[in-house]
Visitor: 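There's a structure below that I have some questions on.
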Amino acid sequence: MAKYVMALDAGTTSNRCILFNEKGELCSVAQREFTQYFPKPGWVEHDADEIWASMLGVAVEAMNMIGATAEDIAAIGITNQRETTIVWDKETGEPIYHAIVWQCRRTSEYCDSLKEKGLIDKFREKTGLVIDAYFSGTKVKWLLDNVPGARERAQRGELLFGTVETWLIWKLTKGAVHVTDYSNASRTMLFNINTLEWDEEILAELDIPKCMLPEPKPSSCVYGEADISYLGGPIPIAGAAGDQQAALFGQTCFNAGEAKNTYGTGCFLLMNTGEKPIFSKNGLVTTIAWGLDGKVNYALEGSIFVAGAAIQWLRDELRIIESAADSEYMAKKVKDTNGCYVVPAFTGLGAPHWDQYARGTIVGITRGVNKYHIIRATLESLAYQVNDVLEAMKADSGIDLAALKVDGGASANDFLMQTQSDIINAPVNRPQCVETTAMGAAYLAGLAVGYWTSKEDVVKNWAIDQTFEPQISDEEREKRIKGWNKAVKYAYGWAKED
Ligand SMILES: Nc1ncnc2c1ncn2[C@@H]1O[C@H](COP(=O)(O)OP(=O)(O)O)[C@@H](O)[C@H]1O
Ligand SMILES: O=P(O)(O)OC[C@H](O)CO
């Protein structure tokens, strides 16, 4: 029997390959960061060829690290930064432009025009989403409108669109398979989450030819095989899911009412709502969690655009920390933020505010505020943003979470986890394996090929590392949240033309 399942985790800032064994243990990990392009304020791009090359590189590296061969690998599961949009030539495989990243704001004004046409409710009912530059649909339109000749080529059937999992599957199969999974399709703003089909009316509104779209499929099924020239054998590609949905699966939130929060580049709180979509009245989006065993599970999601990225900003732009992990002991050098709040709305504000024109701001600066206060306030901003989303989730679902399951790179930060528990006034549970995104992708792939036999088979692999309990008074919590609410207002609308 094969020893491992391979998870390919295509994140916003790095690609990772992890080989998991049957117990859900990490047997090999390889990771590479890739280039971030910021061609204009608010614009973010990646090089799709670099994403592919670095992913193939980490896959080979992870296998070599433990001497694994293709025969040792039962299946490949792919999970990815969602919404990021790639359009390429069907014959040559050449991308026609850089990948437009989920964080990119270039289509904000076009989104405004859709809202002004009175289409907000229509988009919500069909796609579960709010109209925002975050999602892929308007990015595809931008490419067709702005790359010379692109629309004509797309209409002639010469171009293909995909989010990152689609691109990687297409590359791995040498152009034989052009598919997406329901969870990723539900982030495009082109997919009808009720009928599980591309929505003709929306495609007509955005003037996007259907022939360039991938075939939507369940999240756990064999899509094709990796070409033998890449990993030495025809390994089945058997699972795919957006990274946040994969993390929900990896955290074994299989039942309605179960939720997790992932602290990566952004922060994403998802609650499984079962087999029926719940449409939000409080600024959350409705999304497909996964398609599995002939059924579809839905989730409510609060998407926060900047979380760990704010820590990277402290490191790379302000240069007041040397590594992300340093933020923890530096924040603890001071007892509070000295009245200072950082609102990291660098690419607008997502849930529950949805302000495309908000921008980052620091308020409450006095003569005594030093870099430690700024670092602390930046870490605390992650906890406040999550609290905003959790409040909306409570209002929409009527469920007050008994505890919050967490994961993602920044969940390693104990100061942040303690602050999170203090601010939401509930326990925060961190699992032993915080690579739940990759784990979810591995489970989805492993279930499709019988490496694991059922969801119950994997639940026993989940174990707690640490629980953080609230430690502040109600009075202090209320005072701090009040200050945050005031600070957020200053970030609103900043980039809007006067
Ligand atoms: N100890 C830490 N404290 C705070 N932030 C951290 C820590 N370790 C990593 N991060 C942040 O977490 C992010 C990386 O997490 P990861 O889950 O790998 O993200 P992604 O999948 O979005 O690339 C980075 O933005 C980094 O700044
Ligand atoms: O790269 P991550 O892990 O921050 O995830 C990005 C999200 O998928 C964007 O929707």
Side-chain angles (χ1 to χ4, degrees), residues 7-16 18 29 31-34 36 44 46 51 54 79-85 99-104 129 132-136 139 163-165 183-184 186-189 241-248 250 260-270 285 287 299 301-317 321-332 344 346-347 350-351 375-376 378-383 406-420 430 433-441:
L8 300 179
D9 179 357
T12 307
T13 54
S14 72
N15 285 331
R16 259 190 298 257
I18 303 183
V29 184
Q31 177 169 8
R32 283 188 203 169
E33 288 204 5
F34 53 81
Q36 307 289 313
V44 190
H46 292 157
I51 291 179
S54 95
T79 181
N80 54 290
Q81 50 161 323
R82 306 163 305 165
E83 301 97 13
T84 296
T85 299
I100 303 184
V101 177
W102 58 276
Q103 297 159 317
C104 188
L129 305 175
D132 194 272
Y134 174 28
F135 305 106
S136 321
K139 298 181 198 289
T163 40
V164 174
E165 84 298 349
S183 73
N184 273 297
S186 74
R187 314 298 298 181
T188 59
M189 220 171 87
D243 54 7
Q244 303 310 323
Q245 290 95 328
L248 190 69
K260 67 86 207 181
N261 188 38
T262 301
Y263 302 78
T265 304
C267 217
F268 300 87
L269 180 62
L270 272 77
V285 299
T287 203
E301 170 174 326
S303 329
I304 295 163
F305 296 154
V306 173
I311 312 304
Q312 285 174 328
W313 168 74
L314 295 175
R315 185 192 65 185
D316 301 338
E317 261 64 44
I321 54 174
E322 278 187 12
S323 71
D326 283 354
S327 61
E328 178 162 356
Y329 84 84
M330 292 181 79
K332 286 184 183 158
F346 304 151
T347 56
I375 294 166
R376 190 173 175 117
T378 305
L379 276 171
E380 288 189 358
S381 75
L382 275 58
V406 297
D407 54 50
S411 71
N413 189 310
D414 287 355
F415 168 79
L416 172 61
M417 294 301 100
Q418 184 56 54
T419 306
Q420 188 67 80
R430 185 172 60 197
C433 174
V434 289
E435 293 287 359
T436 50
T437 298
M439 204 171 215

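Keep in mind that what you see is a predicted model, and the values were worked out from it rather than measured. Order of listing sets the numbers, starting from 1, for every ligand and every atom in it.
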Visitor: Between the side chain of Arg430 and the main-chain N/O of Ser411, is any donor-acceptor distance below 3.5 Å?
Guide: yes
Visitor: Donor-acceptor pair, Thr84 side chain versus Trp102 backbone, under 3.5 Å?
Guide: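 Looks like yes, one N/O pair under 3.5 Å.
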Visitor: When you compare the side chains of Ser327 and Asn413, does any donor N or O come within less than 3.5 Å of an acceptor on the partner?
Guide: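 A pair is found: one side chain offers a donor N or O, the other an acceptor, under 3.5 Å apart.
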Visitor: Please check whether Arg187 reaches ligand 2 - meaning an N/O of the residue sits under 3.5 Å from an N/O of the ligand, judged on distance alone.
Guide: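 For ligand 2, there is no N or O atom that lies under 3.5 Å from one belonging to Arg187.
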Visitor: May I ask you to check whether Arg82 has an N/O atom sitting below 3.5 Å from an N/O atom of ligand 2?
Guide: yes
Visitor: Can a donor-acceptor pair be found, under 3.5 Å and without considering hydrogens, that links the side chain of Ser323 to the backbone of Ile321?
Guide: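 Answer holds: no.
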Visitor: Looking at Glu83, which atoms of ligand 2 are within less than 4.0 Å of one of its heavy atoms?
Guide: 9 (C), 10 (O)
Visitor: Would Gln31 and Ser14 count as having a side-chain donor-acceptor pair, cut-off 3.5 Å?
Guide: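 Yes, Ser14 and Gln31 have a side-chain donor paired with an acceptor closer than 3.5 Å.
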Visitor: Do side-chain atoms of Glu380 reach the backbone of Thr419 as a donor and acceptor pair under 3.5 angstrom?
Guide: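 Not at all, since once roles are kept as given, no pair shorter than 3.5 Å links the two residues.
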Visitor: List the closest protein heavy-atom neighbour of atom 8 (O) of ligand 2: residue, atom name, distance to the nearest 0.1 Å.
Guide: Asp243 OD1, 2.6 Å
Visitor: Can you sort out which atoms of ligand 2 are near Gln81, meaning under 4.0 Å from one of its heavy atoms?
Guide: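 Those of ligand 2 that fall under 4.0 Å from Gln81 are 8 (O).
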Visitor: Gly266 heavy atoms, cut-off 4.0 Å: which ligand 2 atoms fall inside?
Guide: 4 (O)
Visitor: Within the 4.0 Å heavy-atom shell around Thr265, which atoms of ligand 2 are there?
Guide: 4 (O)
Visitor: Could you check whether the rings of Phe346 and Trp313 sit parallel, tilted or perpendicular, using 30° and 60° as the cut-offs?
Guide: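 Phe346 and Trp313: tilted rings.
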Visitor: State whether a side-chain donor-acceptor pair under 3.5 Å links Thr437 with Asp9.
Guide: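 There is no such pair between these side chains.
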Visitor: Tell me the protein heavy atom at minimum distance from atom 1 (O) of ligand 2, and give that distance in Å.
Guide: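 Checked against all protein heavy atoms, atom 1 (O) of ligand 2 sits closest to Thr12 OG1, 2.4 Å.
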Visitor: Testing the 3.5 Å rule here: is there a donor-acceptor pair between the side chains of Asp243 and Thr79?
Guide: no
Visitor: Whether the Arg187 and Thr287 side chains hold a donor-acceptor pair (N or O, under 3.5 Å, no angle test) is what I'd like checked.
Guide: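 Judged by distance alone, the side chains do pair up.
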Visitor: Under 4.0 Å from any heavy atom of Tyr134, which atoms of ligand 2 are there?
Guide: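 Atoms satisfying the 4.0 Å criterion: 9 (C), 10 (O).
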Visitor: Which protein residues have a heavy atom closer than 4.0 Å to any atom of ligand 1, listed by chain and number?
Guide: Thr12, Thr13, Arg16, Gly264, Thr265, Gly308, Ala309, Ile311, Gln312, Ala324, Ala325, Ser327, Gly408, Gly409, Ala410, Asn413
